[in-house]
Participant: 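Sharing a structure with you now.
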There are 2 protein chains.
Amino acid sequence: MSALKDKILETATDLFHTRGINSTGVDTIVAVAGTTKMTLYKYFASKEDLILEVLKKSQLDFQTWLNDKLNSTSKKPNDKIQQLFDYVEEWVNSPAFIGVGFIKASAEFPNEENPIHQLSSQQSREFRQFISKLARDASIKDADGLALQLSLLFEGAVQAEQMKRGSGAIKYAKKAAKILIDGAIKS
Amino acid sequence: MSALKDKILETATDLFHTRGINSTGVDTIVAVAGTTKMTLYKYFASKEDLILEVLKKSQLDFQTWLNDKLNSTSKKPNDKIQQLFDYVEEWVNSPAFIGVGFIKASAEFPNEENPIHQLSSQQSREFRQFISKLARDASIKDADGLALQLSLLFEGAVQAEQMKRGSGAIKYAKKAAKILIDGAIKS
DNA sequence: AAATAGGTATACTGACCTGTATATATCATA
DNA sequence: TATGATATATACAGGTCAGTATACCTATTT
C-alpha cells in the first residue's frame with residue numbers, strides 16, 4: 001500500500017472522530033494529510049468509499065490488537081473472558097483512543113439501506129460474535145445472551161467516554177461485566 | 001405555543017432521527033412540515049437553535065412519561081428501581097420510538113465546545129442522576145456506581161436497537177439490570 | 001535523452017446549504 | 001371596512017460540498 005494512501009486513511013480516521021464524518025470535507029482531509037484531491041481520488045473512488053475503508057481498517061486494527069493481548073497472557077478460556085474488559089479499559093484509556101467507528105457511523109448514517117450503516121451494523125454484530133465465542137469457549141451456557149450484555153456495556157461505556165473524556169465509565173462497566181460473567185458461569 | 005412551531009419541532013425531531021441531523025436541511029424540514037423557511041426562522045433563531053429545542057423537548061417528553069409511569073404503579077422505592085427497565089422496554093418497543101436525541105447528537109457534534117454537544121452531555125448526566133436518585137431512595141449504597149452501570153446498559157441497548165430494530169437488546173439489558181440491582185441491594 | 005509514472009497545483013462545475021429580502025395573501029378584531 | 005398580525009411565495013446572496021479537467025512537475029528507468 002502506498003504511503004500516501006495510508007496517510008490519507010489515518011488523517012481521515014482522526015478527523016472523522018474529532019469533527020464528525022459528515023462535517024469533514026475531503027478538502028480538509030487532503031489539506032491536513034498534506035496532499036491533494038487528485039491523489040485522494042486516485043486511491044478512493046468516492047468519499048463513501050473512503051469512509052468504508054476507514055471503518056474497515058479501524059475495526060481490523062482494534063480486533064487484531066485485542067486478540068493479540070488476549071493470547072499473550074493466558075490460553076485458558078475462563079481467563080480470557082475475564083480479562084476482556086481489562087484490555088478494553090487499557091485501550092479506552094490509552095491516549096490514542098478516539099472512539100469506535102461503527103458506533104459513530106451508524107449514528108450519522110441511520111438509514112438501514114445505506115452501505116455505511118450496513119457495514120457498521122455488521123461490525124457491531126461481528127464484535128458481539130467474537131465475545132460470544134469467548135463465552136462459549138469458557139463453557140458458558142447462554143453465551144449469546146452474555147455476549148449481548150457485555151457488548152451493551154462496551155458500547156455504552158465507549159459512548160459515555162466519548163461524551164466526556166475521563167468519565168470513569170469503563171471502570172464501572174468492568175465491574176458490571178465481572179458480575180454478569182460470574183453469574184453466567186455459575187448458572 | 002403556536003401550532004406551527006409545534007409542527008416544525010415534531011417534524012424536525014422525526015427527520016433528525018431517520019436521516020441524521022447534519023443530513024437534514026431546513027428546506028426539507030419546512031417542506032415536510034408544510035410551511036416555509038420564513039415561518040421557521042420566525043420561531044427559531046437558527047438551525048442550531050432548532051436542534052437545541054428539539055433535544056430539550058425530546059428529553060422532557062421522555063422524562064415526564066417515565067416519571068408518570070414510575071409513580072402510577074407503586075410508591076415503594078425498591079419497586080421503582082426494579083421497574084425502571086420494564087418501562088424503558090415498553091418505551092423502546094413502542095412504535096413511536098425513534099431513538100434518544102442526546103446519544104445521536106453527541107455523535108454528530110463531537111466537539112466538546114459545541115453547544116449541541118454540551119446540551120447532550122448535560123442531558124446524559126441528568127438522566128444518570130435521575131437513576132441515581134432512584135437508587136438512593138432504595139437505600140442502595142453505591143447509588144452513583146449502580147446508576148452509571150444502568151445508564152451504560154440503557155445507552156448501549158438504545159444504540160443496539162437503533163442499529164437494528166427488533167434486536168432484542170433491551171430484553172437482555174433488562175436481565176442484566178436486574179442482576180446488577182439485586183447485587184447492589186444485598187451488598 | 002526520452003518516455004513513463006506518481007504526485008502537484010489550480011480552477012471549475014453543479015449541487016446543496018443556511019439565512020435573508022421583498023412582496024403578497026389571509027384572517028381576526030376593532 | 002380598516003388595521004395589524006401571521007403566514008406564504010419566491011427569489012437571492014454567499015458559502016461549502018463532492019468530484020473532475022487540465023496542465024505541470026519530478027524522478028526513475030530504459
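Every chain is numbered from 1, with letters handed out A, B, ... down the list of sequences.
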Participant: With respect to the phosphate group of D/dA7, does any side-chain polar atom (N or O) of B/S2 fall under 4.0 Å of OP1 or OP2?
Facilitator: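 For D/dA7, OP1 or OP2 has a side-chain N or O of B/S2 closer than 4.0 Å.
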Participant: Quick one: sort the B/F154 and B/W91 rings into parallel, tilted or perpendicular, breaks at 30° and 60°.
Facilitator: parallel
Participant: Are any of the side-chain nitrogens in B/K69 or B/E90 under 4.0 Å away from the carboxylate oxygens of its partner?
Facilitator: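 Looking at B/K69 and B/E90, the cut-off is met.
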Participant: D/dA7, C/dT18, C/dT8: which one has an atom nearest the side-chain heavy atoms of B/Y41?
Facilitator: C/dT18
Participant: Taking NZ, NE, NH1 and NH2 as the nitrogens, is one of them in B/K178 or B/D182 under 4.0 Å from a carboxylate oxygen of the other?
Facilitator: yes
Participant: Round to a whole Å and report the spacing from NZ of B/K5 to P of D/dT6.
Facilitator: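 My rounded result for the distance is 13 Å.
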Participant: To the nearest 0.5 Å, what is the distance between NZ on A/K47 and CG on A/L40?
Facilitator: 10.5 Å
Participant: Without decimals, in angstroms, what is the distance between A/L50 CG and D/dC17 C1'?
Facilitator: 15 Å
Participant: Can you tell me if the side-chain N/O atoms of A/Y43 get under 4.0 Å from OP1 or OP2 in C/dG6?
Facilitator: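 No, no such contact exists.
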Participant: Once you round it to whole Å, what is the distance between P of C/dG19 and NZ of B/K47?
Facilitator: 9 Å
Participant: Using whole Å, what does the distance between atom P of nucleotide C/dC16 and atom CZ of B/R19 come to?
Facilitator: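 Result: 13 Å.
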Participant: Please list, by residue number, the residues of residues 26-38 of chain B whose heavy atoms come closer than 4.0 Å to an atom of DNA chain D; answer none if no residue qualifies.
Facilitator: B/G34, B/T35, B/T36, B/M38
Participant: Would you compute the distance between atom CD of A/Q83 and atom CG of A/L134 and round it to the nearest 0.5 angstrom?
Facilitator: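 So the gap between those two atoms works out to 10.5 Å.
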Participant: Can a donor-acceptor pair be found between the side chains of B/E155 and B/Q159 at a distance below 3.5 Å?
Facilitator: no
Participant: In whole Å, I'd like the distance from the CG atom of B/L40 to the P atom of C/dC17.
Facilitator: 14 Å
Participant: Whole angstrom is fine here: how far is it from CD in B/E48 over to P in C/dC17?
Facilitator: 18 Å
Participant: For the pair made of NZ in A/K42 and P in D/dG19, what is the distance, rounded to whole Å?
Facilitator: 17 Å
Participant: Taking atom types as modelled, find out whether A/Y43 and A/T35 have a side-chain donor-acceptor pair closer than 3.5 angstrom.
Facilitator: no
Participant: How many Å lie between CG on B/L4 and P on D/dA5, as a whole number?
Facilitator: 18 Å
